[in-house]
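Scroll down for the structure; my scribbles are underneath it.
In what follows, chains are A, B, ... by sequence order, proteins preceding strands, each numbered from 1. Treat the numbers as computed from the prediction; the structure is a model and nothing was measured.
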Amino acid sequence: MKHYDFHNIESKWQKIWEEQKTFEVEASSGKPKCYVLEMFPYPSGYLHIGHLKNYTLGDVVARYKRMQGYNVLHPIGFDAFGLPAENAAIKQKTHPKKWTYDSITHIKKQMKAVGLSYDFRREFATSDPEYYKWTQWLFLFLYKQGLAYQKEALVNFCPHCRTVLANEQVIAGGCWRCETKVVKNSLKQWFLKISAYTEELLSDLETLNEWPEHVKTMQKNWIGKSYGAQVTFPIVGGGEIEIFTTRLDTIYGATFLVISPEHPLSLELPYDPGIKEATKILINKSLLTQEIERSAEEIPKEGIFLGRYAYNPFTCEKIPIFVANYVLYEYGTGAIMAVPAHDTRDYDFALKYNLPIREVVVPEALTHLENLPYEGYGYLINSEPYNGLSSEEATIKMSEFLQEKLLGKLTIRYKLRDWLLSRQRYWGAPIPMIYCDQCGVVPVNEEDLPVKLPEEIDFTPRGMVSPLSTSDEFLHTTCPQCGGSARRETDTMDTFMCSSWYYLRFGSPFTNREPFNKKDIDYFLPVDYYIGGVEHAILHLLYSRFITKALGDGGYLDFKEPFSRLFTQGMVLHTSYWCQTHYWIAPKNVKENKHCPHCDAELIASLDAMSKSKGNIVLPETISHKYGTDTGRMYVLFAAPAEREFEWKEESVSGIFRFLNRVWKLVASYPGLSLKETDGRPQNPDDEAVKLITHKTIKKVTQDIENNFRFNTAIAALMEMLNDLKAIIERENFITEGVLKEAIESLVLLISPFAPHIAEELWEILGHQNSLSFQKWPVYEENWVKEEVIEIPIQIDGKIRSKLTVPRIIEEEKLKELALQDEKVLKFVEGKKVKGIIVVPEKIISIHTET
RNA sequence: GCCGGGGUGGCGGAACAGGCAGACGCAGCGGACUUAAAAUCCGCUGAGGGUAAACCUCGUGGGGGUUCGAUUCCCUUCCCCGGCACCA
């Protein structure tokens, strides 16, 4: 018998799969389809163990489904545009393109070495002109649909990356990549009107039954729907202010108004030059700090009385108008009515500036409030003629009054804002628009796509302008409408645009006449299993859903949601080290004393997700060289439940390696056709034991794969099967050949999605000619998953005291009788009166006594 | 603050339509093989008591409840992780 030579076995089968085109699929198949997709990687150098886990999860499903008879589409590609390529290129004095494509070459090699069952013919990078041609087409499509527009806007700008960021890319006031504090700048930018789909994006979440609840909740919170009212407050001396409130019922308590610093009225309202000056200072200060300091618990509320008043439309009182830093311009109308008695923020502000506080809502049966502010609902006081009404009733009555007086109405507001698409960076898909002095803004003709990214260019970021503007060749063009001279748009698209439709292209990557062939898409899409990290729970998934809906409305797609089933896997963690001056230090450079190798400062250690930037990555090769890639694949699945994160510990890997070696030894001891007999009927107790463990395991593994990626317990079950099987065989009893054959072959097939190389090799050793990739997945028989004779525990007053060995099917009365005759039971019940016996068939006998 | 997810041996984790807590694996201990080590194989391994047996007691973050029976259900409380966060 050969030993388990994983090196040769693995390269042998990888070669066979490639030569035989085992994983290539076509849409023209009579079989039902299954589209398994892992979120495609950013090609930044190397694939690490975190990626390995992600792709192995998908690969197990893909291989399993293939054996279930599905026509499995399992593609991979590269999310290749973006900042890291530029940064790395600058650092290494090379071109982003070279750096990116070198990475891709390397990563592909790694993927193949892991044995991932991809159809590599379908592979592409989003930076391929053949791909971004269609990303540009998508932009033009959105433009024609009225879903792309230009706006002069205050934008989030990262001074470090020197680019504009989408709202979604600002985390706690910092850049999502480098954490630099974001500042506000005014720029003319392209936006995508995701807001046109707000309601659909929200309500269709309900249809996503196979998405994790927490991801749906995050999207819901992000969309942030709230019901409220819009109310117009007339300004004393002319004009008006429109506010939004979710608590119309508290309007009698509105003792002042607050507008945000960015609000146009903040400079228009003041008469007094001194106030105007002070307001300007406040505006500048708040522009700089507002979005920046968000991470801090709370910035102190600061405001200025503008010297003007408005009428409260309900009380007809004159109330002062303030500008203050705590009101957001982007939400609602950028102005609020302040009700200090019923809102903490307004309350704090009122205390600071000594403003009146009037209670107008009290919880039932109370006439005044003990503690202010009271933010709950209740019954109205001090609000004639609405006194005594519930908050709900009052809101309706008040809104009727507003509509009658044309001063407002009930309305709905969302937090979701339009998607800022423009980036002033080089390494991205150029926005295919042209500026003509005669015709204005003109889209590039479809047949002129792609607008190619110039390669001979200084791509260093230069702040508010894209590096593309330095290329005369790129910049100057002719107007598609009038033929006159014109300039190109020089901004590139946010890379999230590239990744918002790639899953469609995988279904139809070969056409160069259209973004995708509808017939192919109709067959393969939507994605059945989409697997990736939670970090994409909002951005990528929301954008992809938006694009799918927009394309659907344009007649290009017949489905509403791109991903039927989403699985968010937990990341692989590893210790990382941080130095104040030298940032992340790779663990391999950290000496015993845990001091920085550059400046000898003490390092801060933390457990983080593996990432290149933190230097704490572990390469899959670390494992595959020593144990083989099958061991590595199986370990990342076995270490913890797939959705949970786990800390990388190399010493734990050996358990899996031992297991695979034991499987090898057992299975390879039946070479060739030594097991020919196909009659699997059991003929003795050992046969029955083998049959039992076989079918129990088939059931468990099948259900664990089907039931939400429970691969850790599936592998545990396989280990148990091996242990049991070995124990029975070692008893040196006679096991009927057919029974043994079924057991051994089932074991190999059940292991194959997890450890495909060893499984293929063993399958061949067992005498089979073809790859087991399309071998039928074993099916369990229900009558073989349960023992005929079982042990039933007897519990007396809540404690297990004895056990009975009985046939599984037995009458309850008989069980009671046996239990009461049991020696140990008699001992424990002696001198006590038995109050009752409860028999739970096949589970337990519970006796309780009088005490 | 709001929303979501968790607290089980030395460690990763099993079990939960309420029914033998700790499957499977790591680490550890003991033994076999070996000149020796590695590898492999066998056994033990929640805590405490008990003679290394039988057996007993306690144990799933804390407190209380429902039940013949609770890691699982209910109430209450503490702690950890993730998301959002001055959203009116």
Side-chain angles (χ1 to χ4, degrees), chain A residues 171-173 212-222 224-226 228-229 243-248 250 254 258 260 290 293-295 297-301 324-328 330-339 342-346 348-349 375 413-417 534-535 537-538 570 635 638-641 643-647 649-659 661-662 665 710 712-723 726 730 791-803 824 834-849:
Chain A
I171 292 152
E213 219 37 63
H214 70 275
V215 173
K216 290 198 271 183
T217 310
M218 280 160 78
Q219 294 218 350
K220 244 180 248 173
N221 291 343
W222 191 260
K225 182 177 187 171
S226 43
I243 64 103
F244 174 72
T245 178
T246 53
R247 291 300 302 274
L248 184 59
T250 64
V258 188
S260 76
Q290 194 175 351
E293 303 289 349
R294 278 225 179 128
S295 54
E297 301 85 62
E298 204 173 300
I299 37 172
K301 291 182 178 43
N325 60 353
Y326 77 99
V327 175
L328 300 174
E330 298 87 352
Y331 184 73
T333 58
I336 61 153
M337 66 176 202
V339 185
H342 303 290
D343 182 283
T344 311
R345 296 153 299 176
D346 298 342
D348 294 344
F349 193 78
E375 295 190 317
R413 291 281 172 166
Y414 304 89
K415 288 190 216 172
L416 184 70
R417 278 168 255 157
V534 243
E535 68 273 20
I538 299 172
Y635 175 68
F638 182 64
E643 71 279 5
R644 207 179 297 179
E645 54 188 29
F646 73 89
E647 186 185 351
K649 281 191 181 146
E650 202 187 318
E651 61 271 27
S652 311
V653 176
S654 56
I656 294 288
F657 185 60
R658 282 183 201 134
F659 167 66
N661 270 291
R662 284 194 280 252
K665 269 184 210 162
R710 289 163 63 177
N712 57 328
T713 49
I715 293 169
L718 288 166
M719 289 171 166
E720 278 182 81
M721 175 174 178
L722 179 76
N723 291 345
K726 268 181 68 183
E730 278 161 17
E791 211 175 46
I792 293 192
I794 305 173
Q795 200 178 46
I796 300 172
D797 293 329
K799 288 192 197 313
I800 304 296
R801 297 298 186 182
S802 185
K803 280 169 189 180
K824 286 176 189 164
V834 173
K835 230 168 90 184
I837 305 182
I838 290 164
V839 174
V840 185
E842 298 181 41
K843 295 270 189 197
I844 203 165
I845 301 164
S846 181
I847 301 173
H848 54 289
T849 65

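Closest contact between the side chain of Gln795(A) and the listed nucleotides rC68(B), rC3(B), rC26(B) involves rC68(B). Set against rA14(B), rA88(B), rG19(B), the side chain of Val327(A) has rA88(B) as its closest nucleotide. Closest approach to the Ala716(A) side chain among rC24(B), rG12(B), rG19(B) is made by rC24(B) (side chain taken as heavy atoms from C-beta onward). Distances were taken from every side-chain heavy atom of His848(A) (C-beta onward) to each of rA14(B), rC68(B), rC24(B); the shortest belongs to rC68(B). The nucleotide whose nearest atom lies closest to any side-chain atom of Ala640(A) is, among rC24(B), rG13(B), rC58(B), rG13(B).
Between the side chain of Lys649(A) and the base of rC11(B), no donor-acceptor pair of N or O atoms lies under 3.5 Å. Scanning atom types as modelled, no donor and acceptor separated by under 3.5 angstrom connect the side chain of Ser652(A) and the base of rC26(B). Residue-to-nucleotide contacts include no donor-acceptor pair under 3.5 Å from the side chain of Glu213(A) to the base of rG5(B).
Counting any heavy atom pair closer than 4.0 Å across all strands shown, Glu791(A) reaches a base atom. Residue contacts for Lys220(A): at a heavy-atom cut-off of 4.0 Å it reaches no nucleic acid atom on any strand shown. Within the 4.0 angstrom heavy-atom criterion, no nucleotide atom of any strand lies near Asn661(A). Using a 4.0 Å heavy-atom criterion, one finds that Arg413(A) contacts no nucleic acid atom at all. Residue Asn723(A) is in sugar-phosphate contact alone, with no base atom involved, counting any heavy-atom pair closer than 4.0 Å across all strands shown. Nucleic acid contact class of Phe646(A) (heavy atoms, under 4.0 Å, all strands): none. Base contact: Ile838(A) has a heavy atom under 4.0 Å from a base atom. Lys415(A) comes within contact range of at least one nucleobase, with a heavy-atom separation under 4.0 Å.
Inspection of the Asp346(A) and Tyr326(A) side chains reveals an N or O donor paired with an N or O acceptor under 3.5 Å. Side-chain atoms of Ser654(A) and Tyr635(A) include no donor-acceptor pair closer than 3.5 Å.
Between Arg801(A) atom CZ and rA54(B) atom P there is a gap of 16 Å when expressed in whole angstrom units. The CG atom of Leu722(A) sits 18 Å away from the P atom of rA23(B) (whole-angstrom rounding). Going from atom CE of Met218(A) over to atom C1' of rG5(B) covers 12 Å, rounded to whole Å. The separation between Ile715(A) atom CD1 and rG25(B) atom P is 12 Å, rounded to whole Å.
Dashed line: the shortest gap from a side-chain N or O of Lys799(A) to OP1 or OP2 of rC58(B) is under 4.0 Å. Residue Asn712(A) places no side-chain N or O under 4.0 Å from the OP1 or OP2 atom of rA23(B). Phosphate contact (OP1/OP2 of rA15(B), side-chain N/O of Arg710(A), threshold under 4.0 Å): present. Within the 4.0 Å cut-off from OP1 or OP2 of rA88(B), at least one side-chain nitrogen or oxygen of Ser226(A) is found.
The glycosidic torsion of rG9(B) lies within 90° of 0, which places this base in the syn conformation.
For rG18(B), there is no paired base (Watson-Crick or G-U wobble, both distances below 3.5 Å).
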